[in-house]
Amino acid sequence: MINFMKKLLVATTNLAKLEEIRDCLSDLAIDCVGLKDIGIIQSVEETGKNFEENAILKARAYREISGLPTLADDGGLEIDALNGEPGVHSHRWIHTNREDEDEELIVHVIEKMKGLPSTRRGAQLRLVLAFVDNNGEVHTSEGIIRGVIAEKPSAYRRKGFPYRSLLYLPELHKFYNHDELDKKENEAYNHRRKALEKLKPIIQELLV
């Protein structure tokens with residue numbers, strides 16, 4: 001049987017992120033493919049000054065490479081007491097061993113926040129999505145989830161999402177971690193889903 005669904009390139013090699021986006025867009029008749037799915041091995045340097053610039057840069061570059069409408073994102077952790085750090089440098093904050101990158105970032109945050117009272121541990125994960133359509137037009141949206149940096153990280157880990165094991169949601173008494181939140185909580189709090197829901201009508205109109 002021939003698949004006539006239109007393809008949407010999700011510009012990532014992070015399988016957890018691709019899975020999350022596929023789940024959020026599962027009600028649309030589109031085929032979400034990752035970079036590896038279509039054999040793209042080129043990397044795009046993130047030279048933007050903020051999340052939005054980086055997301056747009058990646059979406060435009062991978063649309064040019066693939067010829068497909070493309071969805072890209074950039075985001076990270078913003079800690080109030082550190083004036084918004086690591087922010088745009090969230091994934092390049094420290095020089096790490098790539099194999100242990102997630103764990104090293106978690107340890108680094110714990111050390112940076114050592115001794116700070118609960119009133120100064122506020123933080124947020126912020127994400128900007130950029131969708132470049134077949135005409136090259138750019139559409140963006142943002143998703144934010146606020147919480148506090150815990151003194152000790154969650155025991156749960158999801159590869160590629162180190163900061164979720166640190167962000168504690170006081171109203172739920174849980175970490176912002178996929179394995180700790182139930183399905184309804186994940187749908188209600190997921191900041192990538194929040195951003196996607198804003199773009200979904202545009203994606204649906206242009207691709208479905």
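In what follows, every heavy atom counts, from backbone to side chain, and hydrogens, waters and symmetry copies are set aside.
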Note to self: Whether Asp37 and Arg22 form a salt bridge (side-chain N of Lys/Arg under 4.0 Å from carboxylate O of Asp/Glu) is what I want to check.
What the structure shows: yes

Check: Heavy atoms, side chains only, cut-off 4.5 Å: are Asp133 and Thr70 in contact?
Finding: no

Next item on the list: Compare every heavy atom of Asn54 with every heavy atom of Gly48, then report the nearest pair and how far apart it is.
Entry: N-OD1, 2.7 Å

Next item on the list: Looking only at non-hydrogen atoms, find the nearest pair between Tyr168 and Ala150 and report the distance.
Entry: CB-CB, 4.3 Å

Checklist line | Cluster check Val10, Leu206: I/L/V/M/F/W/Y, side chain < 4.5 angstrom | finding: yes

Item checked: Where Pro153 and Phe175 come nearest, the two heavy atoms and their spacing -> C-CZ, 3.9 Å

Note to self: Quick one, Lys6 and Asp31 - any side-chain contact, counting heavy atoms below 4.5 Å?
What the structure shows: no

Check: What distance separates Gln42 CD from Ser66 OG, expressed to the nearest 0.5 Å?
Finding: 10.0 Å

Check: What is the distance from atom CG of Leu25 to atom CZ of Arg193, rounded to the nearest 0.5 Å?
Finding: 9.0 Å

Next item on the list: Inspect the contact between Glu180 and Arg158 and indicate whether a charged nitrogen and a carboxylate oxygen are less than 4.0 angstrom apart.
Entry: no

Note to self: Within the structure provided, determine whether Lys49 and Val88 are in side-chain contact (heavy-atom separation under 4.5 Å).
What the structure shows: no

Note to self: For a 4.5 angstrom cut-off between non-hydrogen side-chain atoms, does Lys7 reach Val33?
What the structure shows: yes

Check: Do Glu19 and Leu15 have side-chain heavy atoms sitting under 4.5 Å apart?
Finding: no

Notebook entry, point to check: Do NZ/NE/NH1/NH2 and the carboxylate oxygens of Lys200 and Asp27 come within less than 4.0 Å?
Noted result: yes

Next item on the list: Using salt bridge (charged side-chain N to carboxylate O under 4.0 Å, His left out) as the criterion, point out the one residue from Glu46, Glu45, Glu85 that pairs with Arg92.
Entry: Glu46

Note to self: Ignoring hydrogens, what is the shortest heavy-atom contact between Pro170 and Gly147? Give both atom names and the distance.
What the structure shows: CD-CA, 4.5 Å

Next item on the list: Starting from the C-alpha separation in whole Å, work towards a yes-or-no answer on side-chain contact (heavy atoms from CB on, under 4.5 Å) for Tyr156 and His178.
Entry: CA-CA 9 Å; Tyr156 292 95; His178 183 273; over 6 Å; no

Next item on the list: Check whether any side-chain heavy atom of Asp102 sits under 4.5 Å from a side-chain heavy atom of Lys159, and report yes or no.
Entry: yes

Notebook entry, point to check: Short question: side chain of Ser154, backbone of Ser165 - any donor-acceptor pair under 3.5 Å?
Noted result: no

Note to self: As an exercise, state the distance from CD1 of Ile203 to CG of Leu71, rounded to the nearest 0.5 Å.
What the structure shows: 5.5 Å

Next item on the list: Could you please spell out the steps behind the ring-ring contact (aromatic ring centres under 6.0 Å, His included) verdict for Tyr176 and His191?
Entry: CA-CA 10 Å; Tyr176 180 52; His191 66 311; 5.6 Å; yes

Note to self: How about CG on Asp182, more than 12 heavy atoms from neighbouring residues, nucleotides or ligands closer than 6.0 Å, or not?
What the structure shows: yes

Check: Are Arg164 and Phe161 in a cation-pi contact, defined as NZ or CZ under 6.0 Å from the six-membered ring centre and within 45° of the axis?
Finding: yes

Next item on the list: Go through the steps for Arg192 and Asp23 under the test salt bridge (charged side-chain N to carboxylate O under 4.0 Å, His left out), then give the verdict.
Entry: CA-CA 11 Å; Arg192 182 170 283 105; Asp23 181 61; over 6 Å; no

Notebook entry, point to check: For the hydrophobic clusters of this structure (ILVMFWY residues joined by side-chain heavy atoms under 4.5 Å, transitively), does one cluster hold both Leu18 and Leu129?
Noted result: yes

Next item on the list: Could you tell me whether the side chain of Leu169 reaches within less than 4.5 Å of the side chain of Val148, counting heavy atoms only?
Entry: no

Checklist line | Salt bridge present between Arg157 and Glu103 (N-O < 4.0 angstrom) | finding: yes

Margin query: Within this structure, what is the CG-CG distance for the pair Leu77 and Leu167, rounded to the nearest 0.5 Å?
Written below: 7.0 Å

Note to self: Membership question, hydrophobic clusters at under 4.5 Å side-chain separation (ILVMFWY): are Ile149 and Leu125 in the same one?
What the structure shows: yes

Checklist line | Atom pair CG/OG of Asp74 and Ser90 - distance to nearest 0.5 Å | finding: 8.0 Å

Note to self: Atom CD of residue position Glu64 - does it have more than 12 heavy atoms of other residues, nucleotides or ligands inside 6.0 Å?
What the structure shows: no

Next item on the list: Taking all heavy atoms of Gly143 and all of Ala195, pick out the closest pair and write down the distance.
Entry: N-CB, 3.7 Å

Item checked: Transitive ILVMFWY side-chain link Val132 to Ile202, under 4.5 Å -> no

Checklist line | Between CD on residue Glu142 and NZ on residue Lys198, distance to nearest 0.5 Å | finding: 6.5 Å

Next item on the list: Check step by step if side-chain contact (heavy atoms from CB on, under 4.5 Å) holds for Ile79 and Met113.
Entry: CA-CA 9 Å; Ile79 302 172; Met113 300 294 285; 3.6 Å; yes

Item checked: Full working for side-chain contact (heavy atoms from CB on, under 4.5 Å) between Gln204 and Leu28 -> CA-CA 7 Å; Gln204 183 172 22; Leu28 300 185; 3.8 Å; yes

Notebook entry, point to check: Is there side-chain contact between Val128 and Asp73, with heavy atoms separated by less than 4.5 Å?
Noted result: no

Next item on the list: Could you give me the CA-CA distance, side-chain angles and deciding distance for Glu185 and Leu172, then say whether side-chain contact (heavy atoms from CB on, under 4.5 Å) is met?
Entry: CA-CA 9 Å; Glu185 290 166 342; Leu172 294 182; 4.0 Å; yes

Check: Are Leu127 and Leu196 connected, step by step, through hydrophobic side chains (Ile, Leu, Val, Met, Phe, Trp, Tyr) whose heavy atoms are closer than 4.5 Å?
Finding: yes

Note to self: To check you understand the geometry: which heavy-atom pair defines the closest contact between Ile30 and Met5, and what is its length?
What the structure shows: N-SD, 3.7 Å

Item checked: SB check Asp179 Lys174 (cutoff 4.0 Å) -> no

